[in-house]
Protein chains: 2
Amino acid sequence: MMSKKPTSDGMEILDRMIGDDTEVREMYEQAKVNVHVAQLIYDARTEAGLSQTALARMIGTTQSVISRLEDADYEGHSLSMLSRVAQALDREVKIDLVPIVPSLEDASFPSPSV
Amino acid sequence: MMSKKPTSDGMEILDRMIGDDTEVREMYEQAKVNVHVAQLIYDARTEAGLSQTALARMIGTTQSVISRLEDADYEGHSLSMLSRVAQALDREVKIDLVPIVPSLEDASFPSPSV
DNA sequence: AATACTTATCGCAATATTGATATAATAGTT
DNA sequence: AACTATTATATCAATATTGCGATAAGTATT
């Protein structure tokens with residue numbers, strides 16, 4: 001089961017690097033989304049059995065663009081590009097802004113060990 | 001219960017206008033996402049009890065920018081902007097590319113009336 | 001109706017993303 | 001090793017988004 005893009009474990013690394021620092025939170029959340037989207041595109045493409053070049057042609061762009069989209073460090077993700085990719089791969093873009101529950105870890109009792 | 005942005009029922013209207021035409025599909029899906037995101041931002045802001053000006057200041061921009069984001073016709077949504085808004089409103093950006101099941105409505109039996 | 005508050009819209013400069021080509025690097029095959 | 005296919009990176013012009021001020025328009029309150 002190899003679903004992760006082999007060159008990047010960005011999510012996990014990031015998650016462990018940052019605590020509750022309000023200062024870095026902004027950049028962190030941003031980076032988290034970027035890494036996630038890059039992974040989404042990579043997964044969708046590989047599951048469809050397509051090369052970057054093949055996908056690029058389907059949405060009317062070039063291979064380097066797709067490679068850039070799948071780069072975990074890429075910060076320029078747009079919803080229009082995500083839509084184009086999704087449609088070519090017969091997928092639907094689902095987006096939501098889910099409320100963050102104020103503090104589950106601040107409770108005085110230890111969190112249940114699943 | 002008034003959660004919809006009063007000036008726009010874009011989603012419903014769009015849904016009824018388009019059938020299976022592969023030609024228009026591209027623009028349609030794009031527009032659908034745009035309308036949805038605009039609504040997400042509007043909902044999140046109003047539920048937080050903030051004015052456009054107030055939210056704008058929280059994320060370091062101006063009121064006209066927020067108004068533009070909430071415009072159903074706006075096509076320039078970026079994930080970075082969505083992240084900024086989400087964070088200011090204590091929300092998390094959730095994104096997914098869900099596979100579209102080929103044809104549930106093409107079945108020879110009528111769809112169950114819920 | 002005047003005031004205060006909120007939102008919509010326009011225009012334009014600043015900035016960022018995209019498109020595209022070329023090239024390097026990696027992997028797999030024969 | 002040579003060949004092929006795939007992916008990563010760099011650069012730059014073209015395009016699109018953002019920032020921002022000004023202003024119009026809509027709501028509510030007094």
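Order of the sequence lines fixes the chain letters, A, B, ..., with proteins taken first and strands second; residue numbering starts at 1 for each chain.
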Measure the distance from [atom1] on [X] to [atom2] on [N] and round it to the nearest whole Å.
X	N	atom1	atom2	value
Tyr42(A)	dA8(D)	OH	C1'	13 Å
Ile41(B)	dT7(C)	CD1	P	14 Å
Leu55(A)	dT7(D)	CG	P	10 Å
Gln52(B)	dA25(D)	CD	C1'	13 Å
Glu75(B)	dT17(C)	CD	P	18 Å

Between [options], which one does the side chain of [X] approach most closely?
X	options	value
Asp71(A)	dG19(D), dT7(D), dT9(D)	dT9(D)
Thr62(B)	dT6(D), dC20(D), dT11(D)	dC20(D)
Arg68(A)	dA20(C), dT6(C), dG19(D)	dA20(C)

message: Does dT7(C) have its OP1 or OP2 closer than 4.0 Å to a side-chain nitrogen or oxygen of Ser67(B)?
response: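 Answer no for this pair, as no side-chain N or O of Ser67(B) is under 4.0 Å from OP1 or OP2.
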
field: Residue pair Asn34(B) / Gln30(B), side-chain donor-acceptor N/O under 3.5 Å
entry: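 There is no such pair (donor and acceptor under 3.5 Å, judged by atom type) between the side chains of Asn34(B) and Gln30(B).
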
- request: Using distance alone, with no hydrogens and no angle criterion, decide if Gln52(A) and Gln63(A) have a side-chain donor and acceptor under 3.5 Å apart.
  value: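 Per modelled atom types, Gln52(A) and Gln63(A) side chains form a pair under 3.5 Å.
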
query: Hey, is the side chain of Gln63(B) pairing donor to acceptor with the base of dA8(C) inside 3.5 Å?
result: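 Present.
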
message: Suppose we call a contact any N or O donor and acceptor under 3.5 Å apart; does that hold for the side chain of Ser64(B) and the base of dG21(D)?
response: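 In this structure, the two groups form a donor-acceptor pair.
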
task: Can you sort out which residues in residues 76-85 of chain A have a heavy atom within less than 4.0 Å of DNA chain D? Ascending by number, please.
output: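 The answer is none.
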
query: Any side-chain heavy atom of Ile95(B) within less than 4.5 Å of one from Asp96(A)?
result: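 SC-SC contact between Ile95(B) and Asp96(A) ruled out.
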
